[in-house]
Amino acid sequence: MAKIWYEGNLNIEGNKRVFNESIYYIRGVISVDDVRYERYALQTHFVEEGEDYHQLIKKYVMPLYREGDILSISEKVIGMCQKQTVHKEAVHLGFWAKFLSKFATKTRSGIGMDEPYKLQLVINMKGIWRVLGACIVGVLGKCIGKKGLFYVCLGKEVAGIDGFYEHSAFRRYHSLAVLSPKEPDKVCDEIEVNFGIPTMIVDANDISVDILGSSSYLKGREEALKAMIQDNPAGQDDECTPFILIRNIYNEEAEDYIPIEEVACTRA
């Protein structure tokens, strides 16, 4: 699947729309299994710890929702609402985190294990011996051309840690880490039952897309769902667009859309 890099904020003025005081941005049409889906990135306020995601959906999603739409939610927003967070001052750096982080691979998709505090958090969660084992497997994997085995060994819980990123557009995330949501399938089912919207919770960046949870209606469609958001329409900057409505537009004319300039393209 082709992965495309974009530079800066995706919310360009030419793609901005306002409907019933709701602000959203056109993210263009993507074809999946010969079906044309248009994506709409719904702008919110910065969601803080402990907010109610049901109220967020009621406020930001429902005014724009049409029957048949699919809702994609950033895992970070659900994690914040569930208070699945760790503050930097609660993480005490040890020798192994300082040492091992020096050898970690840097990526363009965000902060990785090269951030000592993030690696220390992983050590706290999984234990030093398991982390050392994952490091060894990761190095051996790179020798034979397989990347990401460190995260395969430690699981999605570790891969989903986000934050402690001093270059984040949001100062809040300089000293805050957000963990993966609890019971993501259950959250999606609750949303589908309460609002009638088939829902998925995703961990997406400009390298990969991972479906962490989905409601019952969407089960068995994981590859198609990934393809619908393969270009990460939520963005990587300060867009504040954690909710993406995905709409089958059939043979209708798509909204006018100004494409974002690509800066690079890789294969994942």
Side-chain angles (χ1 to χ4, degrees), residues 1 10-12 14-45 47 51-81 181 183-204 209-235 239-260:
M1 182 181 295
L10 299 184
N11 294 348
I12 64 175
N15 292 330
K16 182 178 179 179
R17 305 288 187 274
V18 180
F19 178 77
N20 287 345
E21 298 185 355
S22 297
I23 297 173
Y24 67 100
Y25 290 83
I26 305 298
R27 292 290 195 250
V29 173
I30 196 163
S31 294
V32 180
D33 298 331
D34 296 322
V35 178
R36 297 166 65 238
Y37 294 97
E38 190 163 49
R39 288 84 49 79
Y40 313 102
L42 315 184
Q43 192 166 55
T44 71
H45 64 279
V47 176
E51 291 199 45
D52 185 342
Y53 55 82
H54 292 94
Q55 292 301 316
L56 295 175
I57 291 170
K58 184 177 180 181
K59 178 177 180 179
Y60 292 110
V61 178
M62 293 312 294
L64 297 167
Y65 168 73
R66 289 186 194 172
E67 186 175 356
D69 289 352
I70 294 171
L71 176 62
S72 173
I73 306 177
S74 165
E75 94 292 349
K76 187 180 288 186
V77 163
I78 300 300
M80 288 288 278
C81 289
E183 301 182 291
D185 283 333
K186 182 179 178 182
V187 171
C188 292
D189 277 331
E190 285 179 356
I191 293 170
E192 185 173 314
V193 169
N194 291 335
F195 298 99
I197 309 174
T199 301
M200 59 178 169
I201 295 173
V202 306
D203 181 5
V209 174
D210 192 11
I211 309 296
L212 301 184
S214 59
S215 57
S216 300
Y217 181 79
L218 299 178
K219 291 301 181 187
R221 300 178 60 188
E222 184 170 286
E223 291 307 312
L225 295 173
K226 286 183 180 181
M228 293 174 193
I229 54 170
Q230 63 175 288
D231 53 349
N232 188 22
E239 289 88 351
C240 273
T241 52
F243 298 118
I244 306 296
L245 275 178
I246 304 167
R247 180 171 298 161
N248 180 349
I249 61 172
Y250 300 95
N251 295 318
E252 297 174 20
E253 187 174 347
E255 292 250 24
D256 291 336
Y257 170 66
I258 302 173
I260 307 300

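Reckoned from all heavy atoms, side chains included, excluding hydrogens, waters and symmetry mates.
For Asp189, the side chain to side chain contact (heavy atoms under 4.5 Å, CB included) partners at least two apart in sequence or on another chain are Ser215, Ser216. Judged as a ring pair (Phe, Tyr, Trp, His ring centres under 6.0 Å), and not counting sequence neighbours, Phe243 has no contacts. Residues satisfying the side-chain hydrogen bond (donor to acceptor under 3.5 Å, both in side chains) criterion with Asn11, sequence neighbours excluded, are Arg27. Here Glu190 pairs with Tyr53 under the side-chain hydrogen bond (donor to acceptor under 3.5 Å, both in side chains) rule; sequence neighbours left out. Among residues two or more places apart in sequence or in another chain, the side-chain hydrogen bond (donor to acceptor under 3.5 Å, both in side chains) test is passed with Arg221 by none. By the side chain to side chain contact (heavy atoms under 4.5 Å, CB included) test, Ser72 pairs with Met200, Val202, Ile229, Ile244, Ile246, sequence neighbours left out. For Tyr37, there are no ring pair (Phe, Tyr, Trp, His ring centres under 6.0 Å) partners two or more places apart in sequence or in a different chain. With sequence neighbours excluded, the residues that form a side-chain hydrogen bond (donor to acceptor under 3.5 Å, both in side chains) with Lys219 are Asp185, Ser214. Listed by chain and number, the residues in a ring pair (Phe, Tyr, Trp, His ring centres under 6.0 Å) with Tyr24 are Tyr40 (sequence neighbours excluded).
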Does the side chain to side chain contact (heavy atoms under 4.5 Å, CB included) test come out yes or no for Ile70 and Leu245, once each step is laid out? CA-CA 6 Å; Ile70 294 171; Leu245 275 178; over 6 Å; no
Run the numbers on Leu42 and Ser22 for side chain to side chain contact (heavy atoms under 4.5 Å, CB included), then give the verdict. CA-CA 8 Å; Leu42 315 184; Ser22 297; over 6 Å; no
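Side-chain contact check for Thr241 versus Thr44: every heavy-atom pair is 4.5 Å or farther apart. The shortest distance between side-chain heavy atoms of Pro181 and Leu212 falls below 4.5 Å.
The main-chain N or O of Ile258 is found under 3.5 Å from a side-chain atom of Asn15 such that the two form a donor-acceptor pair. Counting only distance, with no hydrogens or angles, the side chain of Glu239 and the backbone of Leu10 share a donor-acceptor pair below 3.5 Å.
Within the model, atoms CD of Gln55 and SG of Cys81 stand 10.5 Å from one another, a figure rounded to the nearest 0.5 Å. Here the straight-line distance linking atom CD1 of Ile211 with atom CD of Glu223 works out to 8.5 Å at 0.5 Å rounding. Residue Thr199 holds its OG1 atom at 4.5 Å from CD1 of Ile191, rounded to the nearest 0.5 Å. Met80 contributes atom CE, which lies 10.5 Å from atom OG of Ser74 (distance to the nearest 0.5 angstrom). How far CD1 of Ile12 is from CD1 of Ile26: 11.0 Å, rounded to the nearest 0.5 Å. Interatomic distance, CD1 of Ile57 versus CD1 of Ile197, reported as 6.5 Å (0.5 Å rounding).
Counted within 6.0 Å of OH on Tyr217, heavy atoms from surrounding residues, nucleotides or ligands total 12 or fewer; the atom is thus considered open.
Among pairs with a residue in residues 30-45, those fulfilling salt bridge (Lys or Arg N to Asp or Glu O under 4.0 Å) read Arg39-Asp231, at least two apart in sequence or across chains. Among residues at least two apart or in separate chains, salt bridge (Lys or Arg N to Asp or Glu O under 4.0 Å) pairs with a member in residues 242-259 are Arg17-Glu255, Asp69-Arg247.
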Show me the side-chain donor-acceptor pairs of residues 58-68 shorter than 3.5 Å, one per line, residues at least two apart or across chains.
unit_1 : atom_1 : unit_2 : atom_2 : d
Tyr60  : OH     : His45  : N      : 3.2
Tyr60  : OH     : His45  : ND1    : 2.7
Tyr65  : OH     : Gly196 : O      : 3.0

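Between Pro184 and Gly213, the shortest heavy-atom contact is CB-CA, 3.9 Å.
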